Amino acid sequence: MEERSEEMEESSNSCSTSTCSSSVRGKKRCTEMRSEKPAYLRQKEKIIYPRNTRTLIKTAVVGGKPIDEKTCMALRTLVFGSCATPPRPEWARTGFTLRPYGQSLAFGLRAARNTTRSLVTAVQAVMLKHFLFKSNAGPVESLLKPSYERQIEALTSTVAEIIWRSAGGFAVQNIGCSSGQSAAGNESAPTAVVVLPQETPYVQHSVQYFQDGLTETLHLFEFESLDDLEIFIKRYLYLFQDEGSPGAVLLLYSAVLSRGLSKVKIDLENPRGSMLGGCPEEGSISVVVFSLTGRASPHLHNGVLHVGDENTYAVPQWGVLARSEVGFLVHEGDGQSTGRQPGSRLKTPNLPIWVTLCHGHHGVLFNTNRELLRNYHAERRFEIQYFTCGGSHAILTVDTRSTSGNDSELEGSSKECTDMGATPLEKLIRSKWQDAYIQWNGAPLM
């Protein structure tokens, strides 16, 4: 019995020894495999998912005037079409999210494809103005790869500029929009309004009002100078900039209140109309025009057109009243009506930057030469860049010299085939530079 027990102990010891040795060999093998793992896989992960490591200081919101029930319900109805039903959910979680600073496409914003895209794209276009033409001169590559401080400065100036323009602070865009309005748009100093959320709801849930968790908690802040407005925006920029924040709707609400609820209703030319009610997938044209000109007009033509026939009175349609700094180009298909084409005040802006709407998709076209639209020779051959907030980027060369010599050669069916083979983006560019030869420089980044 003793001999058998000793044999069992020896066998168990040998088994445990072999198990331990095998586990040691297994751990050693795993360590070797980890050490043999190619380094580029780990580096590739870092490149695919870049993140900004810096964040803004989050200052608590204090002061302001709580929103009253009448203003709250009127604001929700004017923007979303109704205050008795929940608003579009994407607006409550869309901020102006910056891309990683100092890298490729650092000038761009990120946005999902939903009804906020039109507003975010308009903000993107105005930001490009500040990156390219409102800073110290330098290499174009460095201007389009801004530092974190430059990103924050440009976003702050853009948000403040859109709100200040809506208040009538830059141009006479609020000249009479109906026969009963006077043309005295600048009798009083402009007053900009900024709305920021708090925790206390000031309008209770009811049959007439559906609480959205944001509109009924707003506090209103008023400013009579652009400098004070920029300082305030920079202090609370995290509410506009953080990913998942309601920055887009805060900007739209602030612009609407700065313009005035009654004036926005007149701009829309529909007493029961709204800015986002029944709008396309990527947002409405009136939101883009509102951001660029300070007026929420649904029309793109210059000045005023009186529309009517022999059986009805001529009704004025108010378009763009002054040349815009940033333009707007539209291509909705080969059957697009001429009435949907922007006028020269949007097609030929003061700066070579355009918000684009191509087959329902919003993007930005821009050139880095300020003199492009002022010098005929600069428009003969130039590069233009196309960017969307979804991350697509392309560089194209536009050559307008070849049109004069080749028009006679491309007649009839040959010219039609050439036009049919053009991409929608090329057709959009030709809505500005007719019959231009367009060349893609490398494969576009998607």
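For clarity, every value in this text was computed on a predicted model and none was experimentally measured.
- At distances below 3.5 Å, at least one donor-acceptor pair connects side-chain atoms of Asp212 with backbone N or O atoms of Thr215.
- For the pair Arg323 (side chain) and Ser344 (backbone), a donor-acceptor distance under 3.5 Å is present.
- Side chain of Thr217 to main chain of Leu214: a donor-acceptor pair is present (N/O by atom type, distance under 3.5 Å, no hydrogens or angles).
- One distance of note links CG of Leu365 with CD1 of Ile384; it measures 4.5 Å at 0.5 Å rounding.
- From Leu78, atom CG reaches atom OG1 of Thr71 across 12.0 Å, with rounding to the nearest 0.5 Å.
- In this structure, Leu98 and Leu109 have side chains that are in contact, with non-hydrogen atoms separated by less than 4.5 Å.
- A distance-only check finds a donor-acceptor pair linking the side chain of Tyr238 to the backbone of Thr59 [under 3.5 Å].
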(message) Would Asp267 and Val289 count as a side-chain contact (heavy atoms from CB on, under 4.5 Å) here? Give the steps.
(response) CA-CA 11 Å; Asp267 293 342; Val289 177; over 6 Å; no
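- The two atoms that bring Ala84 and Phe210 nearest to each other are O-CB, 3.6 Å, heavy atoms only.
- Using modelled atom types, no side-chain atom of Arg117 and backbone atom of Gly283 make a donor-acceptor pair closer than 3.5 Å.
- Relative orientation of the Phe80 and Trp91 rings is perpendicular, given thresholds of 30° and 60° on the angle between their planes.
- Lys347 contributes a side-chain N or O that, together with a main-chain N or O of Ser431, makes up a donor-acceptor pair within less than 3.5 Å.
- Between His219 and Phe221, the ring planes are tilted. Angles from 30° to 60° get that label.
- Closest approach of Phe96 to Ala248, counting heavy atoms only: CZ-CA, 3.7 Å.
- Taking the six-membered ring where the residue is Trp, Phe107 and Phe366 present perpendicular rings, their angle passing 60° and hence far from 30°.
- Separation of atoms CZ (Arg165) and CZ (Phe290) is listed at 10.5 Å; rounding is to 0.5 Å.
- The distance from atom CD of Glu281 to atom CZ of Arg113, rounded to the nearest 0.5 Å, is 3.5 Å.
- You'll find the side chain of Val320 stays beyond 4.5 Å of the side chain of Leu300, heavy atoms only.
- For the residue pair Leu105 and Gly391, the shortest heavy atom distance occurs at CD1-O, 4.0 Å.
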(message) What verdict does the side-chain contact (heavy atoms from CB on, under 4.5 Å) test give for Ile438 and Arg430, after you've listed the backbone C-alpha separation in whole Å, the side-chain angles of each residue and the deciding distance to 0.1 Å?
(response) CA-CA 9 Å; Ile438 300 170; Arg430 290 192 181 115; 4.0 Å; yes
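- Under 4.0 Å is where a charged nitrogen must lie from a carboxylate oxygen, and between Arg110 and Glu243 at least one such pair does.
- In this structure, the side chains of Tyr253 and Arg76 come closer than 4.5 Å at one or more pairs of heavy atoms.
- Under 4.0 Å is where a charged nitrogen must lie from a carboxylate oxygen, and between Lys234 and Glu230 no such pair does.
- Contact of the Met275 side chain with the Val256 side chain is registered, since non-hydrogen atoms from C-beta on lie closer than 4.5 Å.
- No side-chain heavy atom of Trp354 sits under 4.5 Å from any side-chain heavy atom of Leu428.
- Remark: the Asn114 side chain and the Thr116 side chain contain an N/O donor-acceptor pair separated by less than 3.5 Å.
- Looking at Leu119 and Ser291, their side chains come closer than 4.5 Å, going by heavy atoms from C-beta outward.
- Taken from NE2 in His362 to CZ in Phe328, the straight-line distance is 5.0 Å, to the nearest 0.5 Å.
- The closest donor-acceptor contact from the side chain of Gln241 to the backbone of Gly95 lies at 3.5 Å or more, if one exists at all.
- Tested against Glu383, the residues Asn369, Asn441, Thr368 include a single side-chain hydrogen bond (donor to acceptor under 3.5 Å, both in side chains) partner, Asn441.
- Nearest heavy atom pair, residue Thr115 against residue Pro280, reads CG2-O, 3.6 Å.
- Between His359 and His331, the angle of the ring planes lies from 30° to 60°, which puts this pair in the tilted group.
- Looking only at atom types and distance, the side chain of Thr400 has no donor-acceptor partner in the side chain of Glu379 under 3.5 Å away.
- Here the side chain of Gln151 pairs a donor or acceptor atom with the backbone of Arg99 at under 3.5 angstrom.
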(request) Walk me through it: do Ile162 and Val123 pass the test side-chain contact (heavy atoms from CB on, under 4.5 Å)? (result) CA-CA 8 Å; Ile162 291 175; Val123 171; 3.8 Å; yes
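- For Pro349 against Val326, the heavy-atom pair with the smallest separation is CB-C, 3.8 Å.
- Summarising the local packing, CD of Glu224 is surrounded by 12 or fewer heavy atoms from other residues, nucleotides or ligands at distances under 6.0 Å.
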(message) Between Val364 and Leu128, does the side-chain contact (heavy atoms from CB on, under 4.5 Å) criterion hold? Intermediate values first, please.
(response) CA-CA 9 Å; Val364 180; Leu128 277 167; 3.6 Å; yes
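- Side chains of Leu250 and Leu218 form a contact here, defined as non-hydrogen atoms less than 4.5 Å apart.
- Counting heavy atoms from C-beta outward, Thr293 and Phe170 have side chains that stay 4.5 Å or more apart.
- With values rounded to the nearest 0.5 angstrom, Trp433 atom CH2 is found 16.0 Å from Arg380 atom CZ.
- Thr156 approaches Leu237 most closely through the heavy-atom pair OG1-CD2, 3.3 Å.
- Within the 3.5 Å criterion, the main-chain N or O of Asp399 finds no donor-acceptor partner in the side chain of Arg381.
- At distances below 3.5 Å, at least one donor-acceptor pair connects side-chain atoms of Ser297 with backbone N or O atoms of Trp318.
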